[in-house]
Number of protein chains: 2
Amino acid sequence: MARTQGSRAEITGPLVRDAARRLFARHGYAAVSMRQIAAEVGLQVGALYAYTPDKQALLADLLRSHMEELLAAWQDDPARPALDRLQAFLRFHIQTSLERPEAVFLSYMELRNLEADNRAEIAALRRRYEDALEAILIAGMTQGSMRVPDSRLAAMALIAMLTGITNWYREGGRLDQDRVAAVYWEMVRGAVGA
Amino acid sequence: MARTQGSRAEITGPLVRDAARRLFARHGYAAVSMRQIAAEVGLQVGALYAYTPDKQALLADLLRSHMEELLAAWQDDPARPALDRLQAFLRFHIQTSLERPEAVFLSYMELRNLEADNRAEIAALRRRYEDALEAILIAGMTQGSMRVPDSRLAAMALIAMLTGITNWYREGGRLDQDRVAAVYWEMVRGAVGA
DNA sequence: GTCTATAAACGGATAGAC
DNA sequence: GTCTATCCGTTTATAGAC
């Protein structure tokens, strides 16, 4: 039989992280107090420190786990045609971004509020993600199915373009996710000279 | 002969705004204290309140004046070919973004820290800027020189893509501003089906 | 316009009881 | 694991002297 307290802890931990993610994304890391996070979960401040050593570690955990999940979820097959891989990347990026818009926003916006070593770690993870896209573009040029003036800049441009969707997309809006992906795919295909 | 105090005020005001812009962009609005801003300018805290009623108004002023300068500086000529207008927009957006990366960053990142009425005002200005780009895309489709699947989404996609440059561009880096503009222009042309 | 001093609230984090 | 209580530094903003 499950221990009451143990079971509670397994639930409370994720709740604390969910609340922190939501509040940090909405108001900014510095603007959110530990008291606000506690209130959102239904705890008193002191109890939060059973789940994180301090506020900074809470933010670093959110960013690190987001990037690690992203990298683990992305499945590429270098044997496939580059254009197919690019379309798969586009769908993957749009879907995960719209599933977790708060984590995406945080990862791009709150890097500056991390201490140097935490920041370097997250930046390296993000760089691996950018490299995954650039590898596809390089393959496309080698295969002759794409033509981009600079693979590094093209990767940065495409990620910025796709991530920007989270700034305006609203569930139940004019276009659903599939339609958005189709529209962006047409533009991306053109941008890479396909 | 100029009054010492009057002359000082005309200089101090902009200095306060410059310091606030720099610090807000670097650390985030909520993370920056009025004391830090004062120290940056060489004042004591109390003196800041001669230039702004409060911290919130200081941020709102920065965002509003940035957007208004942007809109005032953008000179379009609807009589020209749409592709030329689009290239002019691209050059304009890249140049102004790289000239004032801090203001650009603030305008996109700190909207959430404005009170509702201030936020609505800035959002409306930003919307006008997006509309200026969309108008060019619509003209391009009418003229038959462009083909985009959705003019609104295309405008949002292009602005996100171009603004993203501020995230990685470094003066004296691998590519200078003209080269960056040329690379992006090739991608943008493709994206709009030209 | 700028200073010093201060009010009043809020920040992160910890201690000890249960 | 959670609560209450508290420490102590910092925050925005204001008052009054110069």
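All values below were derived from every heavy atom in this structure, side-chain atoms included, with hydrogens, water molecules and symmetry-related copies excluded. Convention: sequence-line order gives letters A, B, ...; per-chain numbering from 1.
The nearest whole Å value for the distance from the OH atom in A:Y29 to the P atom in C:dG12 is 8 Å. As a whole-Å value, the separation of B:I37 CD1 from D:dT10 P is 17 Å. When the P atom of C:dG12 is taken as reference, atom CD of A:Q56 falls 13 Å away, rounded to whole Å. In this structure, A:F24 atom CZ and C:dG12 atom C1' are separated by 12 Å, rounded to whole Å. Rounded to whole angstrom, the span from the CZ atom of B:R35 across to the P atom of C:dT6 amounts to 14 Å.
The nucleotide whose nearest atom lies closest to any side-chain atom of A:T12 is, among D:dT2, D:dC3, C:dA13, D:dT2. Distances were taken from every side-chain heavy atom of A:Y51 (C-beta onward) to each of C:dG1, D:dT2, C:dC3; the shortest belongs to D:dT2.
Figure legend: cation-pi geometry between A:R112 and A:Y29 absent, as NZ or CZ is not positioned both under 6.0 Å from the six-membered ring centre and within 45° of its axis.
Applying the 4.0 Å criterion to OP1 and OP2 of D:dT11, one finds that B:S33 has a side-chain N or O inside that range. The phosphate of D:dT2 (OP1 or OP2) has no side-chain N or O of A:Q44 nearer than 4.0 angstrom. The shortest distance between the side-chain N/O atoms of A:Y49 and the OP1/OP2 oxygens of D:dT2 is not below 4.0 Å. The side chain of B:T52 contributes no N or O atom lying less than 4.0 Å from OP1 or OP2 of D:dA13.
When heavy atoms are screened at a 4.0 angstrom cut-off, A:V32 is found touching the sugar-phosphate backbone but no base atom.
Taking all atoms of both residues into account, the shortest heavy-atom contact from B:A194 to B:L83 is CB-CD2, 3.7 Å.
With respect to the salt-bridge test (charged N to carboxylate O, under 4.0 angstrom), the residues B:R127 and B:D131 qualify.
For A:Y108 and A:H66, the ring centers are positioned 6.0 Å apart or more.
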